[in-house]
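Here is the structure we will look at, set down as structure tokens.
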Protein chains: 2
Amino acid sequence: MYSIDKLKEYLENKDVKPSYPRLKVLEYLLRYQNHPTADQIYNALVNEIPTLSKTTVYNTLHRFVESKVATPVCVDGGETHYDATVNEHGHFKCQICKKIFDFDIDLEKACEKGLTGFEILNRSINYKGFCPNCVE
Amino acid sequence: MYSIDKLKEYLENKDVKPSYPRLKVLEYLLRYQNHPTADQIYNALVNEIPTLSKTTVYNTLHRFVESKVATPVCVDGGETHYDATVNEHGHFKCQICKKIFDFDIDLEKACEKGLTGFEILNRSINYKGFCPNCVE
DNA sequence: AGTTATAATGTAATCATTACAAATTTGACA
DNA sequence: TGTCAAATTTGTAATGATTACATTATAACT
């Protein structure tokens with residue numbers, strides 16, 4: 001699906017050196033699109049990379065965020081989830097199953113007011129409630 | 001500005017028993033509209049209520065959220081801020097001064113797609129960047 | 001006043017994240 | 001290929017916000 005070479009190129013274009021852990025974290029994010037936490041990524045990769053350290057996962061994710069390879073998703077307090085999808089979209093977190101769902105939203109039409117003079121770097125739209133599987 | 005009686009009535013309408021700490025927390029939230037953290041609220045009130053415990057502040061805030069007296073604001077990970085304003089609005093957090101600013105936004109116009117079958121309980125819109133005072 | 005439910009308190013535990021110093025790897029260059 | 005410097009990774013210990021929980025206090029109701 002995502003060749004190592006493509007991933008390498010992608011990281012290099014974003015000025016991130018494509019080390020093995022970084023490639024693996026990126027591959028994981030892109031393949032599962034699962035909004036994983038640092039802990040989930042660590043657990044998913046540690047079998048394949050036995051020397052992997054959780055600090056490396058955190059370092060990598062911070063690096064990714066800084067270089068806009070990934071976006072942090074903070075719906076509740078608690079753990080931060082990460083997302084490597086590029087297009088802007090909203091996140092819906094189900095209160096029951098805790099899964100995060102993506103949805104499309106067009107903020108251009110939402111006509112925000114009161115931000116003249118502000119420099120916006122990042123927008124996040126987080127909804128909470130019950131997903132179709134969990135509504136009762 | 002906010003009489004104790006009004007606050008009492010307000011809490012009772014939301015099915016929250018108006019104990020003294022709860023009234024004081026609500027008063028603080030409404031008066032300063034400062035998006036304080038639990039810790040900030042605790043520090044602001046502990047002089048006036050020397051027996052106040054931080055756990056009580058957390059309990060109170062949880063109770064408020066549950067009863068829709070307050071809304072949690074989680075922009076980054078880290079600490080949760082709280083807001084007792086009723087109308088829906090966005091939050092902008094300045095990366096430099098860390099202040100949170102409110103802004104108006106009309107999500108009805110944003111035509112979200114992909115949420116049919118979902119029951120939405122809560123929406124939050126968080127922007128990050130530089131506020132006018134901190135842009136350089 | 002006595003009893004029961006609800007709320008407040010304080011301490012100890014938890015959990016995600018960060019700090020930091022040491023070890024390892026990488027890449028450039030001779 | 002060997003060497004060196006820079007960048008990355010690692011492991012452990014610390015931090016900081018939040019929660020768990022048992023105890024005490026307060027309020028409500030008979």
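Residue numbers begin at 1 in each chain, while the letters A, B, ... track the order of the sequences.
Closest approach to the B:Leu52 side chain among C:dT9, D:dA17, D:dT9 is made by C:dT9 (side chain taken as heavy atoms from C-beta onward). Listed nucleotides: D:dG11, C:dA8, C:dG10. Nearest to the side chain of B:Pro21: C:dA8. The side chain of B:Thr56 sits closest to C:dT9 out of C:dT9, D:dT9, D:dA28. Relative to the side chain of A:Thr80, the nucleotides D:dT9, D:dA17, C:dT17 differ in distance, and C:dT17 lies closest.
Rounded to whole Å, the distance from CD on A:Glu66 to P on D:dT8 is 10 Å. Atom-to-atom, NZ of A:Lys54 to P of C:dC15 comes out at 11 Å; the value is rounded to the nearest Å. Computed from coordinates, the B:Tyr42 OH to D:dG16 C1' distance equals 16 Å when rounded to whole Å. B:Arg63 places its CZ atom 18 Å from the C1' atom of D:dT19, with the value rounded to the nearest Å. Rounded to an integer number of Å, the gap from A:Asp39 CG to C:dT18 P is 14 Å. Atom P of nucleotide D:dT8 and atom CG of A:Leu11 are separated by 12 Å, given to the nearest angstrom. Distance, A:Glu79 CD to C:dT18 C1': 17 Å, rounded to whole Å. Across the protein-nucleic acid pair, A:Leu61 atom CG and C:dA16 atom P stand 14 Å apart, rounded to whole Å.
For the atom pair B:Glu88 CD and B:Asp106 CG, the distance stands at 8.5 Å (nearest 0.5 Å). Here the OH atom belonging to A:Tyr127 is positioned 6.0 Å from the CD1 atom belonging to B:Ile125, to the nearest 0.5 angstrom.
Mapped onto DNA chain C by nearest heavy atom, A:Gly78 and B:Ile49 fall at different nucleotides, with B:Ile49 at the one closer to the 5' end. In terms of position along DNA chain D, the nucleotide closest to A:Val16 lies nearer the 5' end than the nucleotide closest to the other residue of the pair A:Val16 and A:Pro50.
Shown here are the side chain to side chain contact (heavy atoms under 4.5 Å, CB included) partners of A:Glu66, two or more places apart in sequence or in another chain: A:Arg63.
Counting non-hydrogen atoms under 4.0 angstrom, B:Thr55 reaches a base of the nucleic acid. Among the protein residues, A:Thr37 comes within range of no part of the nucleic acid, since none of its heavy atoms lies under 4.0 Å from any strand. Within the 4.0 angstrom heavy-atom criterion, base atoms lie near B:Asn59.
At least one side-chain nitrogen or oxygen of B:Tyr58 sits closer than 4.0 Å to the OP1 or OP2 atom of D:dT18. Note on A:Arg22: a side-chain N or O is less than 4.0 Å away from OP1 or OP2 of D:dT9. Between B:His62 and D:dT19 there is a side-chain polar atom (N or O) within less than 4.0 angstrom of OP1 or OP2. Neither OP1 nor OP2 of C:dA7 sits under 4.0 Å from any side-chain N or O of B:Thr60. At the phosphate of D:dT10, OP1 or OP2 sits under 4.0 Å from a side-chain N or O atom of A:Thr51.
B:Tyr82 and B:Phe64 have their aromatic ring centers separated by at least 6.0 angstrom.
Salt bridge present: B:Arg123 and B:Glu108 bring a charged side-chain N and a carboxylate O closer than 4.0 Å.
Under the 30°/60° scheme for interplanar angles, the aromatic rings of B:Tyr58 and B:His62 are found to be tilted.
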